[in-house]
Engineer: 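Pasting in a structure now, in structure tokens, and then I'll have a few things to ask.
Hydrogens, waters and symmetry mates are skipped; everything else that's a heavy atom, side chains included, is used. Given the structure is predicted, the values throughout are model-derived calculations rather than measurements.
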Amino acid sequence: MTVSLNDQPGFGIGAVSRLTGIPLDTLRAWERRYSLVNPVRTSANKRSYTRTDVARLKLIKKLVDQGHAISSVAQLSEEALEELMQAHLDPPPGNALGQGRWRALVYGDSLPFLLRQWKNEMAFLDLLGSHQSFAEFESAAMVRKPDVLIMEMPVLRQERLGQLRELIDRSAPKRAVVVYTFGMRNLLEELNRQGVYTLRSPVTVKQLQQVCRAVSGNQSADHVVSGESNGLGGHVPRRRFDSEMLVAVANVTTKIQCECPQHLADLLFRLNAFEAYSADCENRNTQDAALHDHLHQATARARAILEDALDYLIECEEIELDSMASLN
């Protein structure tokens, strides 16, 4: 039996984190919770990943950055992941960017106001109307047959999925987009299988641009939709120091008798641990979910502030971390 080079292990977790852009703690949490890949263990009990593992993780990271919940893509096959990614990259059939306009119908409380604010960025959309009553929205969709259905559903419920499936089958839109705040993993997976795009609130204009109408030209989808922001308003800033870098900082010798690098590294270790814990904490209801989401975001903002402080310290002390941190 011939073993492909792609299936031979050889990448440590630190190298995989750098290659994929997934922070170490996030990578461990995703593996523990969703079993995204199954790295082998070396004789020293360290994870060892294959090229195939790295390619799969890169693809999942891109989809998460584009607004997909990790729970909705974690168990998909490579073929399904590629197909989902291609849907973001390809312009809709017969409607390349800049050719014609898209007729959209909107359901929800806040989305209609946002779309009015974003009318210049979303100029390719003709808003046929907006509704706060789902029954009225459904009736309008059956009559007007819009190209795009944009639906705001703060809490995804099982009973609503059947209505959505029937509405999409009968109105036949080119795109159906659901903006949600809370939703069970199985419901998100079911929507994705039906071809419905899901975006977690708060949504950005670039995310809506991407899912309503794929971008063409030289602008990459990665640039158009980003899962990051400045840490305010619901998004979580990316970690700038992984565990290996923090270990390097904790062991650095400064020019003067000062233990600030060690103390800052220790604080960041603790914040990183609590950030991962709050993201994975079990929720009994939507109130629990809201609480843990708030804690997660608040911790991430605190962590980003301390990372700024550590950046400044490293600059002042002329610390060369790249030469100190190992690859795995």
Engineer: Nearest 0.5 Å, what's the CG-CG distance between Asp147 and Leu105?
Structural biologist: 11.0 Å
Engineer: Can a donor-acceptor pair be found, under 3.5 Å and without considering hydrogens, that links the side chain of Asp308 to the backbone of Tyr312?
Structural biologist: no
Engineer: With heavy-atom distances below 4.5 Å as the criterion, would you say the side chains of Leu36 and Ile70 are in contact?
Structural biologist: yes
Engineer: Hey, are the side chains of Glu31 and Pro39 touching, using non-hydrogen atoms and a 4.5 Å cut-off?
Structural biologist: yes
Engineer: Any salt bridge (charged side-chain N to carboxylate O under 4.0 Å, His left out) pairs touching residues 102-114, not counting sequence neighbours?
Structural biologist: none
Engineer: Atom CD1 in Ile150, atom CH2 in Trp102: separation rounded to 0.5 Å?
Structural biologist: 10.5 Å
Engineer: Would Leu149 and Val106 satisfy side-chain contact (heavy atoms from CB on, under 4.5 Å), going step by step from the backbone distance to the final call?
Structural biologist: CA-CA 6 Å; Leu149 293 177; Val106 183; over 6 Å; no
Engineer: Might you point out which heavy atoms bring Leu81 and Ile60 nearest each other, and give the distance in Å?
Structural biologist: CD1-CG1, 3.9 Å
Engineer: Treating Gln75 as the side-chain partner and Tyr34 as the backbone partner, does any N or O pair qualify as donor plus acceptor under 3.5 Å?
Structural biologist: yes
Engineer: Would a 4.5 Å heavy-atom cut-off, applied to side chains only, mark Ser130 and Arg116 as touching?
Structural biologist: yes
Engineer: Search all heavy atoms of Glu121 against all heavy atoms of Val205 and return the closest pair with its distance.
Structural biologist: CB-CG2, 3.6 Å
Engineer: Just wondering, do Leu187 and Tyr180 contact through their side chains at under 4.5 Å, heavy atoms?
Structural biologist: no
Engineer: Less than 4.5 Å apart, any side-chain heavy atom of Leu199 and any of Val178?
Structural biologist: no
Engineer: Main chain of Met122, side chain of Gln209: is a donor-acceptor contact present, judged purely on distance under 3.5 Å?
Structural biologist: no
Engineer: Is there a path of hydrophobic side-chain contacts, each under 4.5 Å between heavy atoms of I, L, V, M, F, W or Y residues, that connects Leu264 with Ile305?
Structural biologist: no
Engineer: In Å, rounded to the nearest 0.5 Å, how long is the span from CG of Leu156 to OG1 of Thr198?
Structural biologist: 8.0 Å
Engineer: Counting only N and O atoms by type, is there a donor-acceptor contact under 3.5 Å from the side chain of Asp266 to the main-chain atoms of His263?
Structural biologist: no
Engineer: Got Gln132 and Tyr107 here, is their nearest side-chain heavy-atom distance under 4.5 Å?
Structural biologist: no
Engineer: Please find the pair of heavy atoms, one from Leu167 and one from Ala141, that lie closest to each other, and give the distance.
Structural biologist: CD1-CB, 3.6 Å
Engineer: Same cluster for Leu127 and Phe113 if Ile/Leu/Val/Met/Phe/Trp/Tyr side chains link at under 4.5 Å?
Structural biologist: no
Engineer: Looking at every heavy atom in both Thr42 and Ser48, which two are closest together, and how far apart are they?
Structural biologist: CG2-CB, 3.9 Å
Engineer: Does Ile13 reach the side chain of Lys46, with side-chain heavy atoms less than 4.5 Å apart?
Structural biologist: no
Engineer: For Leu57 and Leu27, what are the C-alpha separation, side-chain angles and deciding distance, and is it a side-chain contact (heavy atoms from CB on, under 4.5 Å)?
Structural biologist: CA-CA 9 Å; Leu57 289 168; Leu27 182 54; 4.0 Å; yes
Engineer: Is Arg28 salt-bridged to Asp25, cutoff N-O under 4.0 Å?
Structural biologist: yes
Engineer: Kindly give the heavy-atom pair with the smallest separation between Ser17 and Ile22, and that separation in Å.
Structural biologist: OG-O, 2.6 Å
Engineer: Quick one: side chains of residues 159-166, donor-acceptor pairs under 3.5 Å with protein atoms, not counting sequence neighbours, listed by atom name and distance.
Structural biologist:
{"residue": "Arg160", "atom": "NH1", "partner": "Gln163", "partner atom": "OE1", "Å": "3.0"}
{"residue": "Arg165", "atom": "NH1", "partner": "Glu190", "partner atom": "OE2", "Å": "3.1"}
{"residue": "Glu166", "atom": "OE2", "partner": "Arg170", "partner atom": "NH1", "Å": "3.4"}

Engineer: What is the minimum heavy-atom distance between Cys260 and Leu313, and which atoms define it?
Structural biologist: CB-CD1, 3.7 Å
Engineer: Has Arg303 got a side-chain atom pairing as donor or acceptor with Leu268's backbone, closer than 3.5 angstrom?
Structural biologist: no
Engineer: With sequence neighbours left out, write down each residue that passes side-chain hydrogen bond (donor to acceptor under 3.5 Å, both in side chains) with Ser110, or none if nothing qualifies.
Structural biologist: Glu152
Engineer: Is any side-chain heavy atom of Trp30 less than 4.5 Å from a side-chain heavy atom of Val64?
Structural biologist: yes
Engineer: Could you grab the distance from atom OH of Tyr197 to atom CG of Asn192, nearest 0.5 Å is fine?
Structural biologist: 9.5 Å
Engineer: Could you tell me whether Phe11 and Tyr49 have their ring centroids closer than 6.0 angstrom?
Structural biologist: no
Engineer: To the closest 0.5 Å, what do you measure between CD (Glu189) and CG (Leu191)?
Structural biologist: 10.5 Å
Engineer: Drop me the distance from Leu114's CG to Thr204's OG1, to the nearest 0.5 angstrom.
Structural biologist: 10.5 Å
Engineer: Begin from the C-alpha positions of Val177 and Met151 and carry the test side-chain contact (heavy atoms from CB on, under 4.5 Å) through to its verdict.
Structural biologist: CA-CA 6 Å; Val177 182; Met151 296 160 281; over 6 Å; no
